[in-house]
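Chain identifiers are assigned alphabetically (A, B, ...) following the order of the sequence lines, protein sequences preceding nucleic acid strands; residue numbering begins at 1 within each chain. Bear in mind that the values here come from a model prediction, so they are computed numbers and not experimental data.
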Protein chains: 2
Amino acid sequence: MSKQELVVLDESDDAEACCPGLLTAPLAEGQAVELAKVFKALGDPVRLRLLSMIASRSGGEVCVCDLTPAFELSQPTISHHLKLLRQAGLIDCERRGTWVHYWLVPEMTDRLAGLLTRPAGEPLPERTAPVGAAS
Amino acid sequence: MSKQELVVLDESDDAEACCPGLLTAPLAEGQAVELAKVFKALGDPVRLRLLSMIASRSGGEVCVCDLTPAFELSQPTISHHLKLLRQAGLIDCERRGTWVHYWLVPEMTDRLAGLLTRPAGEPLPERTAPVGAAS
DNA sequence: ATCTTGTATTGACAGACGTCAATCCAACTG
DNA sequence: CAGTTGGATTGACGTCTGTCAATACAAGAT
């Protein structure tokens, strides 16, 4: 059940794929395609709340039976959203007896946070006084 | 042309909306809806590359005429994607004479990075040796 | 083995999304 | 003024996505 696609996360891809950062160099098409899958998984309110509930759980794990009743959605719908989050590599799960437990994959959120963080000390090019002051 | 919706970014919303962080507390539904709009804007390879090209520009600005030829897509399609990024509050633009210039709104990417960053020192609950070792 | 409960999968359907051709608008040019 | 060019908007079309009812599967209970 665990680990089925694991979209991104592998650094050993395009040779220079260490941490260009999205904001510092023009993202390559292949990387953009992979990254978009992860962001798309985050692009739904229900999935964001699911991820948040899973990540903020003290024990680090949540049972599906604790997630489903928090939404006014059918159980299959919740299961569907959890599947998408898992395919994006954001969470993982394991069946333990009767119940299935989910937990966050922090490496993925760390990676996203890193991609969205601009290198400290960037000039921040003075956007406030338009050069031409046109129109 | 600039500033038309500006989805998120306003901290003065739910009183305690300082920086709960998405990974530390169960996101409220309203906030999830707003946040999802931004992540959805990032959930497309073309938009990710556009944002990357805009953000990594040395001068801090890019003319649309420099963006369009980088894709094998029609000009209206690129314009459409730029509009979505702008509505998400990730970029902004201004017409200067004949050309329209786009630039990154770093406050938004900073905010996203912050939301995805887990507070340093979190236990990282030992995921590797499943308690029950079931299945 | 049968029943019951927790979770995943399937199939269907309405609405959203990405794309383009056609068109429109703004600004510069002659 | 008309003509040209950069860019946005409109309308249409096929695909993807979120949702549910129905069903299937897994594991404990009887």
Closest listed nucleotide, where the reference is the side chain of V64(A) and the choices are dA8(C), dC17(C), dG7(D): dA8(C)

Atom-pair distance (CG on D66(A); C1' on dT5(C)), nearest Å: 15 Å

Any residue of residues 69-79 of chain A with a heavy atom less than 4.0 Å from an atom of DNA chain C: Q75(A), P76(A), S79(A)

Side-chain N,O (K40(B)) to OP1/OP2 (dT17(D)) below 4.0 Å: no

CD on E29(A) to CZ on R49(B), rounded to 0.5 Å: 5.0 Å

Whole-Å distance separating the CG atom of L48(A) from the P atom of dG18(D): 12 Å

Sugar-phosphate only, base, or nothing, as touched by L67(B) at under 4.0 Å among non-hydrogen atoms: nothing

Per H80(B) side chain, nearest of listed nucleotides dT19(D), dT19(C), dA26(D): dT19(C)

In one Ile/Leu/Val/Met/Phe/Trp/Tyr side-chain cluster, 4.5 Å: F39(B), L84(B): no

Check: R47(A) side chain, H81(A) main-chain N or O, donor-acceptor pair, under 3.5 Å: no

Length of the line joining R95(A):CZ and dG6(C):P, which is rounded to integer Å: 11 Å

Test side-chain contact (heavy atoms from CB on, under 4.5 Å) applied to C63(B) - qualifying residues, sequence neighbours left out: C65(B), D66(B), W99(B), H101(B)

Minimum-distance nucleotide (side-chain atoms of L84(A) versus dG18(D), dG28(D), dG6(D)): dG18(D)

N/O (side chain, Y102(B)) to phosphate O (OP1/OP2, dA8(D)) under 4.0 Å: yes

Separation of atom CZ in F39(A) from atom P in dG18(C), rounded to whole Å: 15 Å

Protein-nucleotide distance (K37(A), atom NZ; dC16(D), atom P), rounded to Å: 13 Å

W99(A) CH2 - dT4(C) P separation (whole Å): 17 Å

Distance, rounded to the nearest Å, where L50(A) contributes CG and dT7(C) contributes C1': 14 Å

Minimum-distance nucleotide to H81(A) side chain [options: dT19(C), dT19(D), dG18(C)]: dT19(D)

L23(B) CG to S52(A) OG distance, which is reported to the nearest 0.5 Å: 7.0 Å

Rounded distance (Å) that lies between atom C1' of dA26(D) and atom CD of E94(A): 15 Å

From D44(B) atom CG to L35(A) atom CG, the distance as rounded to the nearest 0.5 Å: 12.0 Å

Partners passing side-chain contact (heavy atoms from CB on, under 4.5 Å) against T98(B) (at least two apart in sequence or in another chain): none

Nucleotide nearest T98(A) when distance is taken to its side chain, options dG28(D), dG6(D), dG18(C): dG28(D)

Nearest to side-chain heavy atoms of V46(B), which nucleotide of dG7(D), dA8(C), dT19(C): dT19(C)

